[in-house]
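All figures in this text were calculated on a predicted structure; none of them were measured in a lab. Throughout, residue positions are numbered sequentially from 1 according to the sequence presented.
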Amino acid sequence: MNVFVIGATGFVGGTLARHLTAREHLVTDLARTDVAAVALAADGITPVVADLDSRRSATIDAALEADVVVYAAQADPMLETATVESLTRAMAGTGKTLIFLSGSGVLLQRTAGAWSQDSFAEHDPFAVEPLATSRKAAEGAVLAAASDRLRAMVIRPGLIWGPGDHGHVPMTYQSVAATGAACYVGPGLHTYSHVHIDDVTRLFTLALEAGRAGGLYHAVAGEVPNRWIARESRTTSAAAPAASHHRKRSWSGESSGPSSWQPPAGCVPCAHSRNWGGAPSAPTCCPRSVKHAWEARRPQHVTDVSLSL
């Protein structure tokens, strides 16, 4: 298949694009700069000179040349909304496939670090927090387009971890390295559903092969409180800053704001991926995804710090 991956220079999109290339699909992606084009070509991905802003029309043209479009970018909400609207409008009636990468963050709740017993299956109703409004709207636009001869689907993974991850877990390690503290909010019991990048890639592959138009698929292998992430980072980090910095407060959480919210525990049951291709291959605790990089040296003076926001 000819697959156009929007976001192949990122963690998830890049891993997926390389996986599809290895399976002998023709993969193309946006290249906003010459450097990006060279990097994509080195991975066997055909670069397309375009972006989601001033050159969005070139992006839409490239999408119409493909059999499958995967949106895996992490763009500004306004650009994402405009791009999804343009994609669904242009691809309507073509019978092509559009897969939108969302995330369990649309289910976020403000808990001040407390645990929540709430859990949600794919089509359960929930209150949408303002931070998630634009992403939830993008999901809705993609799913609505499935009624117009477009095989459109949404995949909602939990916190994705694995080699090449630059997200929450590595940032917690960076906080320890810089300050000696791995921080969490309140009691730190707000829970992240998580899934390994290899399982996300496998789910996308299965969606290409067997997903249905209008499908909304959760992906999760386990869950972990943020306090556990902080303590694992503290235990395995190589950082050993001066004692005067031990209690320095720093937040290394999601870019959208401090972690006073959570994707609720168990919010993304793995029923669909089990039906398609067996149990998750990596159901272990996500902090261990980067543990190997820090095992050579142990910290002598680090601590976890609870923040009350």
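- Checking side-chain atoms of Asp67 against main-chain N and O of Asn2 turns up a donor-acceptor pair under 3.5 Å.
- For the side chain to side chain contact (heavy atoms under 4.5 Å, CB included) test with Leu150, the passing option among Thr97, Leu98, Val142 is Leu98; the others fail.
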Exercise for review: Tell me, with the steps shown, if Asp118 and Leu107 meet side chain to side chain contact (heavy atoms under 4.5 Å, CB included).
Suggested key: CA-CA 10 Å; Asp118 295 338; Leu107 304 170; over 6 Å; no
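- Between Phe100 and Tyr71, the angle of the ring planes stays under 30°, which puts this pair in the parallel group of the 30/60° scheme.
- Taking the side chain as every heavy atom from C-beta outward, Phe11 and Ile160 approach each other to under 4.5 Å.
- Residues passing the salt bridge (Lys or Arg N to Asp or Glu O under 4.0 Å) test with Glu65, sequence neighbours excluded: none.
- In this structure, the side chains of Leu16 and Val70 come closer than 4.5 Å at one or more pairs of heavy atoms.
- Between Leu203 and His218 the shortest heavy-atom distance is CD2-O, 4.3 Å.
- For the pair Glu122 and Arg156, the salt-bridge criterion is not met [side-chain N within less than 4.0 Å of a carboxylate O].
- Residue pairs satisfying the side-chain hydrogen bond (donor to acceptor under 3.5 Å, both in side chains) criterion with at least one member in residues 127-136, sequence neighbours excluded, are listed as follows: Glu80-Arg135, Arg110-Glu129.
- Evaluation of the salt bridge (charged side-chain N to carboxylate O under 4.0 Å, His left out) test over residues 8-31, restricted to residues two or more places apart or in two chains, returns Arg18-Asp43, Arg23-Glu209.
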The test is ring-ring contact (aromatic ring centres under 6.0 Å, His included); show your working for His190 and Trp115 and say whether it passes.
CA-CA 5 Å; His190 49 295; Trp115 179 78; over 10 Å; no
